[in-house]
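In what follows, every chain begins at residue 1, and chains take the letters A, B, ... in the order their sequences are listed.
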There are 2 protein chains.
Amino acid sequence: MPTTNARSAQRLAKLQEALASGGTLHLRDAAELCDVSEMTIRRDLTTQPTAMTLLGGRLVMANYPGVTPIYDLTEQQASHYQAKYRLCQRVLAFIEEGDTLFIDCGSTLIPLLSQLSHFRELTVVTYALNVANAVSALPNVRLVLLGGLFYAASQSFGSDNMTAAIERLGINKALISAAGVDLERGVSCFHFHEVTPKQAAIATAMQRLLVVDASKFGVVRPAYFAALEDFDVVVTDEEGAPQLLKENGCVAPEIVVPEITVA
Amino acid sequence: MPTTNARSAQRLAKLQEALASGGTLHLRDAAELCDVSEMTIRRDLTTQPTAMTLLGGRLVMANYPGVTPIYDLTEQQASHYQAKYRLCQRVLAFIEEGDTLFIDCGSTLIPLLSQLSHFRELTVVTYALNVANAVSALPNVRLVLLGGLFYAASQSFGSDNMTAAIERLGINKALISAAGVDLERGVSCFHFHEVTPKQAAIATAMQRLLVVDASKFGVVRPAYFAALEDFDVVVTDEEGAPQLLKENGCVAPEIVVPEITVA
DNA sequence: GCGTTAATGTTAAAATTATAACATTTAGTG
DNA sequence: CACTAAATGTTATAATTTTAACATTAACGC
């Protein structure tokens, strides 16, 4: 097994160039383009670290949204996806024609976005790149992206005038996700730069929805951003959640539970 | 051969939901998800009109940039790609370690972006979603996205405080693209919302580079944004460009032509 | 309920892609 | 210049995906 190879890296760079503007390249053509055998390209891909993948004999950029997170729905993951999907279906029940939605970063709310195409007119405000990408494809949804410095870990942006930018917008409903929800320690996330936009959205929005799956209950993450009482609604997927929360003296949010039927 | 099938369409809709947020779905999992055999899914795809494709046993959204336009490198397309690639190679010669680059929207500068991974540290400022996506994958490049309202036609954002946001940044080099370059009528683009960020970048940057292929010469587009003299360098791919411009009395910009060797 | 037809399932064969093993070429070194 | 080892090519084999043909089930009209 060789350590590094300059020529190999050069080939991959060339191929990546070809794919940078989008599209796929058949292994056969890739080999021809680089004037080597298909096997060499295959080896390049396995030996060197690269952003490309071979998908059914075709070379694709692995980090492209339509390709990357290869949704390997094994049994567990399939059910996990179903859970995420159902959660978003419940959120959908709160969305109305003409709404201006603040949509938080993370993966929780992603399945919701394609559902937004069923509305005639909506506006989505977000500070997350993955959310923006999904929404940018919807012709009926106006997209406002709050920019700034990009944080790869959360695929989102941070800026010092995020609060001001959010306050200027007439946000109807804030859909907030979280990495931890605890009755005493409140609602928290992983990254500190998310705190500002989340808090600004909570402060501005007419209605505040916390969207979390049950696995987040009882968990505390480094960045605290709100108390459970700051939300009007908690949308979750666990049967026991309402009791769990209410028995512990938390009465503020209306909690939406699995009774809601999924189409 | 059946005419239409409600259930078939319903399955495809369900699968499309699953893929809407990006990713791929193995045929096996798609079949399981719909509770039918793989063959049925295959038939759905061939029978019904759909935006999905089967790529190496995996279901993908065919209209996603990384997947759809299957890059059939016929001779012409290959050479067209080569041209774009060469143009960006020339631009690359102007970029230095540690630069803060303003990168304009459009497709012209896209091939440049993956090349930026060769630097140790760079900062890219942009108001284009496609640029941001390409840059977000580069670990060595800091990304600043100027947000606002999304314009699908140019895959970019517009906002009324774009100028202020750009002025606050210490932009080293502005890489500007254009849809039209005319000696008398100046440099123009298609969309009016692009004018503000372009002009702000030109005003702020230390060095201003206009990057255009020769097909843009002599063309005037609706939105004027600068005179040719506002640029320090014009990077182009046409041999005749320097004479063409200089003979017409335009002496300001240094023009970079194909003499520069491509690796 | 019977007969017809669409819809789906099952299986086998063909085509394609992936892996592995070994052969050959190329580059570098003393 | 020979020696070594990496890099690439070639070929055979395995695994996977695609296609095709036929069997079975479900739906619908009479």
(request) Between A/R42 and B/E38, name the one whose nearest nucleotide on DNA chain C is closer to the 5' end. (result) B/E38
(request) Would you mind reading off the distance between B/D35 atom CG and C/dT8 atom P, rounded to a whole angstrom? (result) 12 Å
(request) Starting at atom CG of B/D44, determine the distance to atom C1' of C/dA6, rounded to an integer number of angstrom. (result) 13 Å
(request) List in chain and number order the residues that pass salt bridge (charged side-chain N to carboxylate O under 4.0 Å, His left out) with B/E121, two or more places apart in sequence or in another chain; answer none if no residue qualifies. (result) B/R142
(message) Taking B/A214's backbone N and O only, do any of them form a donor-acceptor pair with B/D237's side chain (distance below 3.5 Å, no angle check)?
(response) yes
(message) What is the distance, to the nearest angstrom, from the CG atom on B/L55 to the C1' atom on C/dA18?
(response) 15 Å
(message) So, OP1 or OP2 of C/dG9: does either fall under 4.0 Å of a side-chain N or O from B/T40?
(response) yes
(request) Write down the distance between CE (B/M39) and C1' (D/dA20), rounded to a whole number of angstrom. (result) 8 Å
(request) Could you check how far CD1 of A/I41 sits from P of C/dT19, rounded to whole Å? (result) 15 Å
(request) Kindly indicate whether the side chain of B/L54, heavy atoms from C-beta on, has any atom under 4.5 Å from the side chain of B/L59. (result) yes
(request) Report the nucleotide, chosen from C/dT17, C/dG9, D/dT17, that has the shortest atom-to-atom distance to any side-chain atom of B/H26. (result) D/dT17
(message) Donor-acceptor pair, distance only, cut-off 3.5 Å: does the side chain of B/S177 make one with the backbone of B/C105?
(response) yes
(request) Decide yes or no for B/I110 and B/V131: does some side-chain heavy atom of the first lie under 4.5 Å from some side-chain heavy atom of the second? (result) yes
(message) When the axes are fitted on five pairs at both termini, how much does the helix from C/dG1-D/dC30 to C/dG30-D/dC1 curve, in 10° steps?
(response) 30°
(request) Say whether, by atom type as modelled, one donor and one acceptor occur between the side chain of A/T126 and the main chain of A/I103 under 3.5 angstrom. (result) yes
(message) Please report the distance, rounded to the nearest Å, between CZ in A/R58 and P in C/dA15.
(response) 17 Å
(request) For residues A/V212 and A/T108, determine if any side-chain heavy atom of one lies less than 4.5 Å from a side-chain heavy atom of the other. (result) no
(request) Can you tell me the distance, in whole Å, between the CG atom of A/L25 and the P atom of C/dT17? (result) 13 Å
(message) What's the closest nucleotide to the side chain of A/R43 if the choices are D/dT8, D/dT17, C/dT17?
(response) D/dT8
(message) As a test of reading the structure: which of D/dT8, C/dT10, D/dT18 is closest to the side chain of B/L54, going by heavy atoms?
(response) D/dT18
